[in-house]
**Student:** 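Before anything else, here's the structure in question.
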Amino acid sequence: MSGIAKTPQPPYYAVIFSSQRAEGDNGYGKMAEKMVDLASQQQGFLGVESARDEGLGITVSYWESLDAIKLWKENSAHKIAQDKGKTDWYKNFSLRVCKVERDKYFEM
């Protein structure tokens with residue numbers, strides 16, 4: 001999970017997950033990798049970008065449709081990760097779903 005996701009021409013959707021972690025890893029690192037791998041196999045997945053410092057983490061995943069996002073939310077392995085996030089991994093988090101209507105990509 002590195003670099004800027006190369007997304008198609010809009011419209012498409014972005015799910016923005018911002019979080020502050022609780023103390024300790026508690027299996028978070030392994031599960032995060034597993035979730036990116038699993039999401040990338042889901043129909044409608046377009047890409048992901050993620051950054052974290054000591055306090056704040058932001059992950060943006062891109063999807064073809066709201067239906068694709070809903071299917072990912074309901075994925076059984078993802079549901080387990082969501083539950084662990086609430087009990088073990090996060091002090092707090094926010095989730096936002098946005099429709100991307102315009103984008104621009106620059107590369108040297």
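Predicted model only: the values in this text are computed from it and were never measured.
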**Student:** Would you say the side chain of Ile16 lies within less than 4.5 Å of the side chain of Cys98, judging by non-hydrogen atoms?
**Tutor:**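 Side chain of Cys98 against side chain of Ile16, heavy atoms only: contact under 4.5 Å found.
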
**Student:** So with a 6.0 Å cut-off around CD of Gln43, is the heavy-atom count from everything else above 12?
**Tutor:**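 No, CD of Gln43 has 12 or fewer neighbouring heavy atoms, counting only those of other groups under 6.0 Å.
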
**Student:** List for me each residue that meets salt bridge (charged side-chain N to carboxylate O under 4.0 Å, His left out) alongside Asp88, sequence neighbours excluded, and say none if there are none.
**Tutor:**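 Only Lys84 meet the salt bridge (charged side-chain N to carboxylate O under 4.0 Å, His left out) criterion with Asp88.
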
**Student:** Tell me if the CD atom of Glu54 is crowded by more than 12 foreign heavy atoms within 6.0 Å.
**Tutor:**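 Result for CD/Glu54: open.
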
**Student:** What residue pairs, at least two apart or across chains, pass ring pair (Phe, Tyr, Trp, His ring centres under 6.0 Å) with a residue in residues 22-61?
**Tutor:**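 Output for this query lists Tyr28-Trp89, Tyr28-Tyr90, Phe45-Trp63.
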
**Student:** Write down the atom of Ala68, the atom of Gly44, and the distance for their closest heavy-atom approach.
**Tutor:**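 Result for this residue pair: CB-CA, 3.9 Å.
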
**Student:** According to a 4.5 Å side-chain heavy-atom criterion applied to Ile, Leu, Val, Met, Phe, Trp and Tyr, with indirect links allowed, do Val48 and Leu66 form part of one hydrophobic cluster?
**Tutor:**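 Val48 and Leu66: one cluster.
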
**Student:** Where the side chain of Glu49 meets the backbone of Ala5, is there a donor-acceptor pair that is under 3.5 Å apart?
**Tutor:**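 A pair under 3.5 Å: yes.
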
**Student:** From Thr59 OG1 over to Leu95 CG, what is the distance, rounded to the nearest 0.5 angstrom?
**Tutor:**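 Between Thr59 OG1 and Leu95 CG, I get 11.0 Å after rounding to 0.5 Å.
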
**Student:** Is it the case that one hydrophobic cluster holds both Leu71 and Phe17, taking links as side-chain heavy atoms less than 4.5 Å apart, direct or via other members?
**Tutor:**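 Shared cluster, no.
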
**Student:** How about Lys79 and Lys73: do any of their side-chain heavy atoms sit closer than 4.5 Å?
**Tutor:**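 No; the side chains remain at least 4.5 Å from each other.
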
**Student:** What about Ile69 and Val60, same hydrophobic cluster or not, with Ile/Leu/Val/Met/Phe/Trp/Tyr joined at side-chain heavy-atom distances under 4.5 Å?
**Tutor:**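 As far as the 4.5 Å side-chain criterion goes, Val60 and Ile69 are not connected within one cluster.
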
**Student:** So do Glu107 and Lys6 actually touch side chain to side chain, heavy atoms under 4.5 Å?
**Tutor:**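 Lys6 reaches Glu107 side chain to side chain.
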
**Student:** Determine whether Tyr13 and Tyr62 satisfy the following criterion, ring-ring contact (aromatic ring centres under 6.0 Å, His included), listing intermediate values before the conclusion.
**Tutor:** CA-CA 6 Å; Tyr13 292 86; Tyr62 299 100; over 10 Å; no

**Student:** Do the side chains of Leu56 and Ser19 get nearer than 4.5 Å, heavy atoms only?
**Tutor:**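 A side-chain contact under 4.5 Å is absent here.
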
**Student:** Evaluate the side-chain proximity of Thr7 to Val100: yes if any heavy-atom separation is below 4.5 Å, no if none is.
**Tutor:**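 When only atoms from C-beta onward are counted, Thr7 and Val100 do not touch, as no gap falls below 4.5 Å.
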
**Student:** Please tell me if the side chains of Glu64 and Tyr12 come closer than 4.5 Å, counting only heavy atoms from C-beta onward.
**Tutor:**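 The answer is no, as the side chains (C-beta and beyond) never meet within the 4.5 Å cut-off.
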
**Student:** Side-chain contact, heavy-atom cut-off 4.5 Å: Ser18 with Arg96?
**Tutor:**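 Answer yes - side chains close enough.
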
**Student:** Which donor-acceptor pairs under 3.5 Å do side chains of residues 29-41 form with protein atoms, sequence neighbours excluded?
**Tutor:**
from: Ser40; atom 1: OG; to: Val36; atom 2: O; distance (Å): 3.3
from: Ser40; atom 1: OG; to: Asp37; atom 2: O; distance (Å): 2.7
from: Gln41; atom 1: NE2; to: Asp37; atom 2: O; distance (Å): 3.4

